[in-house]
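Some notes on the structure that comes next.
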Amino acid sequence: MTPSRGLEVATALGGLHVHDAGPSDGPTALLWPSLFTDGQTGWGAQTALLHRLGWRTLLVDPYGTGESDSPARLFTMEECADAAVRALDAFRVDHAVFLGLSWGGFVALRVALTAPERVIALVLSNSSARRMSPLERQRDRLLSLLVRIGIPSRLGKSVVAQLLGEYTRRHDPEFATQLAHSIDRLDNVGLSRAMRSVLAERTSVVDALARITAPTLVIDGAEDRAFTRTHSAELAKRIPGAQLEILPRTGHLAPRESALAVSALIEQFLKGLNPR
């Protein structure tokens with residue numbers, strides 16, 4: 001494993017911990033994972049490949065996970081996009097490939113729209129450009145409130161049932177158990193704020209997708225219960241030239257559940273880029 005050169009980046013939402021690894025003089029990939037996971041859980045299976053291909057990786061622990069601060073208030077995806085750009089600035093990186101898993105995809109889309117000069121390309125895994133429906137937003141606001149007061153006391157098991165596909169839960173029960181335990185250890189108040197911000201209060205950028213000029217790879221899991229395939233299909237249809245790949249026996253955490261397949265897709269995608 002390549003040694004990580006961690007740095008806490010000061011942002012409007014608190015300290016954002018970013019693990020810097022790989023060749024320091026290589027082109028850069030910024031990786032932001034899903035809600036409920038830290039950087040290593042979400043994208044850790046891809047970093048060794050990226051380093052072997054000569055890429056430097058900036059692996060983000062989202063607010064409230066890993067070594068990052070717990071969010072002190074509700075926040076927007078636009079503020080997260082600003083934090084991602086601040087991370088590039090902190091490491092003196094002009095531009096990067098953005099690899100976004102779910103929440104990370106929300107962030108990557110907004111960076112591509114507000115600071116396109118900072119984006120070489122996008123890899124959007126299990127993500128969406130849409131706002132949740134009114135009924136879904138009401139549900140997620142209630143869920144975030146329950147999490148804040150500690151109901152249920154062991155949230156991880158029910159979250160894992162939504163995050164991981166049936167195949168993964170059946171064939172990798174050890175990972176499912178580890179993930180559930182890590183979710184149970186998260187700070188309830190911070191997680192509640194993140195859930196409401198990322199899920200219930202997220203706005204739509206669907207109508208702006210046609211403005212994205214960065215080469216884009218969209219990845220989805222056939223067993224993703226968090227987002228139906230209409231979300232990934234919409235991304236691929238509306239972003240000019242985007243490539244869509246649906247992986248079988250895969251849920252919401254495709255880079256972890258189908259690590260080899262996702263790595264192969266990323267390797268092929270990066271070969272067509274001019275990162276300098």
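Quick note: residue numbers are just sequence positions, from 1.
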Worksheet item: Is any NZ, NE, NH1 or NH2 atom of the basic residue among Arg229 and Asp224 found under 4.0 Å from an Asp or Glu carboxylate oxygen of the other?
Response: no
Item to complete: Classify the ring geometry between Phe106 and Phe227 as parallel (under 30°), tilted (30 to 60°) or perpendicular (over 60°).
Response: perpendicular
Worksheet, complete the sentence: Rounded to the nearest 0.5 angstrom, the CG-CG distance for Asp20 and Leu7 is 8.5 Å
Discussion item. Does any part of the side chain of Trp103, heavy atoms only, come nearer than 4.5 Å to the side chain of Ser127, both counted from C-beta?
Written reply: no
Worksheet entry | Heavy-atom side-chain contact between Leu179 and Leu163 under 4.5 Å | yes
Discussion item. Within a 6.0 Å radius of atom CZ on Arg154, are there more than 12 heavy atoms belonging to other residues, nucleotides or ligands?
Written reply: no
Discussion item. Within the 4.5 Å heavy-atom criterion, are Leu164 and His252 side-chain neighbours or not?
Written reply: no
Worksheet item: Quick one: do the Glu257 and Thr250 side chains pair a donor with an acceptor below 3.5 Å?
Response: no
Practice prompt. State whether Phe75 and Arg193 meet the cation-pi test: NZ (Lys) or CZ (Arg) under 6.0 Å from the six-membered ring centroid, and within 45° of the perpendicular axis.
Written response: no
Worksheet item: Is Phe91 linked to Leu50 within one hydrophobic cluster, defined over Ile, Leu, Val, Met, Phe, Trp and Tyr using a side-chain heavy-atom separation of less than 4.5 Å?
Response: yes
Item to complete: Determine whether Arg137 and Arg131 make a side-chain contact, defined as any pair of heavy atoms from C-beta on separated by less than 4.5 Å.
Response: yes
Worksheet item: Is there a donor-acceptor pair under 3.5 Å between the side chain of Thr47 and the backbone N or O of Ala45?
Response: no
Worksheet item: Between Ser263 and Ala259, is there a donor-acceptor pair closer than 3.5 Å when you use the side chain of the first and the backbone of the second?
Response: yes
Practice prompt. Any salt bridge (charged side-chain N to carboxylate O under 4.0 Å, His left out) involving residues 62-76? Give me the pairs, sequence neighbours left out, ordered by first then second residue.
Written response: Arg73-Glu79
Worksheet item: Does a side-chain heavy-atom distance below 4.5 Å link Pro116 with Val119?
Response: no
Worksheet entry | Donor-acceptor side-chain pairing of Asp220 and Ser232 below 3.5 angstrom | yes
Worksheet item: Is the CG atom of Leu260 crowded by more than 12 outside heavy atoms at less than 6.0 Å?
Response: no
Worksheet item: Can you name the closest pair of heavy atoms from Arg238 and Asp207 and give their distance?
Response: NH1-OD1, 4.2 Å
Fill in: Check: Arg56 and Asp25 side chains under 4.5 Å, non-hydrogen atoms
no
Practice prompt. Give a yes or no answer on whether the side chain of Ser34 reaches the backbone of Thr37 with a donor-acceptor pair at less than 3.5 Å.
Written response: no
Practice prompt. Work out which heavy atom in Val9 is nearest to a heavy atom in Ala90; give both atom names and the distance.
Written response: CG2-CB, 4.0 Å
Fill in: Whether Gln46 side chain and Pro255 backbone form a donor-acceptor pair below 3.5 Å
yes
Response to the item:
Nearest heavy-atom contact between Ala214 and Ala121 is CB-CA, 4.0 Å
Worksheet item: Same cluster or not: are Leu122 and Leu273 linked, directly or through other Ile, Leu, Val, Met, Phe, Trp or Tyr residues, by side-chain heavy atoms under 4.5 angstrom apart?
Response: yes
Worksheet item: How long is the gap from NE2 on His181 to CG on Leu186, to the nearest 0.5 Å?
Response: 13.5 Å
Worksheet item: Out of curiosity, Asn188 CG to Ser70 OG, how far, rounded to the nearest 0.5 Å?
Response: 10.0 Å
Worksheet, complete the sentence: When rounded to the nearest 0.5 Å, the distance separating CG of Asp38 from OG of Ser182 is 7.0 Å
Worksheet item: Should Val206 and Val107 be regarded as members of a common hydrophobic cluster, given that ILVMFWY residues are connected when their side-chain heavy atoms come within less than 4.5 Å of each other, either directly or indirectly?
Response: no
Worksheet entry | Nearest heavy atoms of Val18 and Ala87, plus distance in Å | CG2-CB, 4.2 Å
Worksheet item: Under the 3.5 angstrom rule, does the side chain of Thr11 hit a backbone N or O of Leu16 as a donor-acceptor pair?
Response: no
Discussion item. Between Leu53 and Glu267, does the side-chain contact (heavy atoms from CB on, under 4.5 Å) criterion hold? Intermediate values first, please.
Written reply: CA-CA 8 Å; Leu53 296 176; Glu267 181 172 9; 3.7 Å; yes
Discussion item. Looking at Arg139 and Leu135, would you say the former's side chain and the latter's main chain have a donor-acceptor pair under 3.5 Å?
Written reply: no
Discussion item. Using a 3.5 Å distance criterion without hydrogens, assess whether the side chain of Asp184 forms a donor-acceptor pair with backbone atoms of Leu155.
Written reply: yes
Item to complete: Report the C-alpha separation of Glu201 and Arg141 in whole Å, then their side-chain angles, then the decisive distance to 0.1 Å, and conclude whether the salt bridge (Lys or Arg N to Asp or Glu O under 4.0 Å) test is met.
Response: CA-CA 9 Å; Glu201 309 305 334; Arg141 289 184 185 117; 2.7 Å; yes
Worksheet item: Where do Leu59 and Gly39 come nearest, in terms of heavy atoms and distance?
Response: CD1-O, 3.4 Å
Practice prompt. Compute whether any side-chain donor of one residue and acceptor of the other, for Ser133 and Glu136, lie under 3.5 angstrom apart.
Written response: yes
Item to complete: Show your working on side-chain contact (heavy atoms from CB on, under 4.5 Å) between Arg118 and Asp89 and close with a plain yes or no.
Response: CA-CA 10 Å; Arg118 309 304 296 269; Asp89 291 342; 2.8 Å; yes
Worksheet entry | Gap between atom CG of Asp140 and atom CG of Leu145 - 0.5 Å precision | 12.5 Å
Discussion item. Using side-chain contact (heavy atoms from CB on, under 4.5 Å), reason through Glu245 and Leu217 one step at a time and then give a plain yes or no.
Written reply: CA-CA 8 Å; Glu245 299 289 345; Leu217 169 64; 4.1 Å; yes
Discussion item. Is there a path of hydrophobic side-chain contacts, each under 4.5 Å between heavy atoms, that joins Leu13 and Val189?
Written reply: no
Item to complete: Could you walk me through whether Leu124 and Leu109 pass the side-chain contact (heavy atoms from CB on, under 4.5 Å) test, one step at a time?
Response: CA-CA 8 Å; Leu124 308 172; Leu109 286 171; 3.7 Å; yes
Item to complete: Taking the side chain as every heavy atom from C-beta outward, state whether Pro62 and Pro33 have any pair of such atoms under 4.5 Å apart.
Response: yes
Discussion item. Under a 3.5 Å cutoff, is there a donor and acceptor pairing between the side chains of Tyr63 and Ser197?
Written reply: no
Discussion item. One thing to verify: whether Asp172 and Arg256 come together as a salt bridge, which I'm taking to mean a side-chain N less than 4.0 angstrom from a carboxylate O.
Written reply: yes
Discussion item. Is a donor from one side chain sitting under 3.5 angstrom from an acceptor on the other, for His231 and Ser128?
Written reply: yes
Practice prompt. Grab the two heavy atoms, one from Val147 and one from Ser192, that are nearest each other, plus how far apart they are.
Written response: CG1-N, 4.2 Å
Worksheet item: Looking at CG of Asp82 and CE of Met77, how far apart are the two atoms once the value is rounded to the nearest 0.5 Å?
Response: 12.5 Å
Discussion item. Do the side chains of Glu223 and Arg249 get close enough for a salt bridge, i.e. N-O under 4.0 angstrom?
Written reply: no
Practice prompt. Treat each ILVMFWY residue as a node, draw an edge where side-chain heavy atoms are under 4.5 Å apart, and state whether Ile219 and Leu49 are in one component.
Written response: yes
Item to complete: Could you tell me whether the side chain of Leu31 reaches within less than 4.5 Å of the side chain of Leu101, counting heavy atoms only?
Response: no
Worksheet item: Taking Trp43 for the side chain and Trp32 for the main chain, is one N or O donor matched with an acceptor at less than 3.5 Å?
Response: yes
Item to complete: Please indicate whether Gln138 has more than 12 foreign heavy atoms, meaning atoms of other residues, nucleotides or ligands, lying under 6.0 Å from its CD.
Response: no
